[in-house]
Number of protein chains: 2
Amino acid sequence: MGIAERKIRQKEEFRASILEAAWLQVLTDGWQSLSIRKIADAIEYSVPVIYSHFENKEAILLEFTKEGCQKLADHLQLVKDKHIEPAAQLEAIANAYWDFAFEHKEYYQLMFGLGIPACEQVNSISEMKNMTMVMMSAIKNAISVSKNKDVDFFLKYHTYLSILHGLVSIEMIQKEGKPAEHKKMILQDAISGFIQSLILK
Amino acid sequence: MGIAERKIRQKEEFRASILEAAWLQVLTDGWQSLSIRKIADAIEYSVPVIYSHFENKEAILLEFTKEGCQKLADHLQLVKDKHIEPAAQLEAIANAYWDFAFEHKEYYQLMFGLGIPACEQVNSISEMKNMTMVMMSAIKNAISVSKNKDVDFFLKYHTYLSILHGLVSIEMIQKEGKPAEHKKMILQDAISGFIQSLILK
DNA sequence: TTATATTTGCTAACAGTGTTAACTTAACCA
DNA sequence: TGGTTAAGTTAACACTGTTAGCAAATATAA
């Protein structure tokens with residue numbers, strides 16, 4: 001029975017082509033301009049076929065959210081594993097996080113900007129959990145070598161992520177004015193302050 | 001010639017009633033759900049009258065952005081003036097910023113979420129300048145009493161704002177889980193780290 | 001092979017959105 | 001009172017997400 005398998009394969013390809021067309025649209029005109037009709041036009045099918053592959057537009061966005069989370073998670077994990085010292089890990093992750101945000105603006109804006117994921121959803125997206133796990137484990141490592149081991153682990157993780165997200169989102173609003181090195185200095189400044197207060201205190 | 005004056009006054013009142021109706025809409029259903037037609041319905045006029053008072057929907061949002069910025073600026077200035085020591089000022093401002101964001105979610109989301117103001121616009125909105133001025137002056141004060149006076153002023157301001165915005169926006173995504181005191185601890189943690197690295201270094 | 005059932009994809013519509021052209025009516029002024 | 005301007009209306013345009021209903025192609029069963 002190869003027919004059923006072929007059908008499944010074709011359906012999968014169709015689904016992928018929808019996402020591909022959507023992604024192209026996003027790359028050229030941004031998230032705001034993405035519409036079901038434009039996707040349908042691009043793949044040269046009528047609108048309702050898209051709804052037979054995705055429940056609604058949000059489901060398509062969710063797909064990209066997952067993709068982005070997993071990409072970031074993998075990237076952070078890779079970078080983290082290059083270092084043994086917790087402080088170096090936190091610094092490397094911060095740099096990688098920053099780079100990802102600006103190299104993949106579209107993903108980042110969806111993940112932390114448009115999506116506005118409700119907490120329930122955040123916990124249900126396993127790819128997002130993967131991402132936070134990498135950061136959390138680095139924080140854990142840092143606390144384990146810290147002089148004061150009684151610090152609130154979750155609080156520190158939260159602070160770490162907030163600093164990163166704050167820096168990125170404020171920088172993203174600004175149009176590209178300052179050179180890249182200067183931007184990185186801001187990141188360096190904030191993160192080194194955080195790491196010092198975490199480990200040396 | 002009181003007629004012309006009355007007309008101007010009436011036009012002003014009309015404009016205000018549009019904003020009032022819009023604000024009510026936002027308070028009940030959020031920014032995403034605000035529409036010109038709903039405003040028109042609320043003030044019991046037809047749609048085009050709104051366009052004779054505002055160029056477009058964005059102009060209405062801009063009005064609220066300005067309002068929010070000025071409210072925040074005033075609030076921060078008030079709080080700042082209660083302290084003389086720069087470190088205390090920075091801490092108080094951070095607390096006030098945080099409180100404002102959650103007490104006036106609608107304003108904050110517009111100012112730093114939806115608006116996505118281009119840099120040109122940001123510089124042209126005087127109310128936004130007022131707001132940044134308060135924070136910048138507090139940073140300046142802090143540097144003047146710091147041991148190392150050669151730190152990059154703009155870099156430090158940027159870091160300060162980023163930490164605040166990051167904390168707030170990450171917290172806003174989460175649904176109200178943790179109690180308010182715990183949230184404030186995160187703020188306290190991050191800001192105290194920043195202040196120490198700014199002044200005591 | 002033919003008849004039935006199912007899947008596939010389409011058109012067309014519904015209920016919204018921002019925005020504007022064209023028209024009517026009311027208010028004003030000479 | 002007649003002519004001009006301003007105010008406010010209806011109705012449309014061009015979009016958006018979403019779905020009901022129908023036609024054609026395909027697969028299954030007799």
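As the structure is a computational prediction, the values presented were derived from the model and not from experiment. In what follows, every chain begins at residue 1, and chains take the letters A, B, ... in the order their sequences are listed.
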F194(B) and F194(A): ring pair (Phe, Tyr, Trp, His ring centres under 6.0 Å), yes or no, with the steps? CA-CA 8 Å; F194(B) 171 80; F194(A) 171 80; over 10 Å; no

d(CD1, I36(A); P, dA14(D)) in whole Å: 22 Å

Counting distance alone, no hydrogens or angles: does the base of dG16(C) have a donor or acceptor under 3.5 Å from a partner atom on the side chain of R37(B)? no

What orientation do Y107(A) and H104(A) show, parallel under 30°, tilted 30 to 60°, or perpendicular over 60°? tilted

Can you tell me the distance, in whole Å, between the CD1 atom of I43(B) and the P atom of dG8(D)? 10 Å

Length of the line joining E44(B):CD and dG8(D):P, which is rounded to integer Å: 14 Å

Atom-pair distance (NE2 on H53(A); P on dT7(C)), nearest Å: 14 Å

Please determine if K140(A) forms a cation-pi arrangement with Y157(A), meaning its NZ or CZ atom is less than 6.0 Å from the six-membered ring centre and no more than 45° off the ring axis. no

Nearest-nucleotide pick for K11(A), side chain only, options being dG9(C), dT8(C), dG17(D): dT8(C)

Figure out the CZ/P separation between F54(A) and dG17(D), and round it to whole Å. 14 Å

Should the ring pair H158(A) and F154(A) be called parallel, tilted or perpendicular, given that the plane angle runs from 0 to 90° and is split at 30 and 60? perpendicular

V47(B) side chain, from C-beta outward: closest of dT19(D), dT9(D), dT19(C): dT19(C)

Over all strands shown, is L34(B) touching base, sugar-phosphate only, or nothing at heavy-atom distances under 4.0 angstrom? sugar-phosphate

Tell me whether the side-chain N/O atoms of S35(B) come closer than 4.0 Å to OP1 or OP2 in dT17(C). yes

I need the CD1-C1' distance between I39(A) and dG17(D), as an integer number of Å. 11 Å

By nearest nucleotide on DNA chain D, pick out whichever of S33(A) and P48(A) is the more 5' one. S33(A)

Between Y45(A) (OH) and dT11(C) (C1'), how many Å, whole number? 17 Å

Ranking dG17(D), dT9(D), dG18(C) by distance to the side chain of Y51(B), first place goes to dG18(C)

Run the ring-centre check on Y108(A) versus F112(A) and record whether the distance is less than 6.0 Å. yes

Rounded to whole Å, CD1 of I50(B) lies from P of dT17(C) at a distance of 12 Å

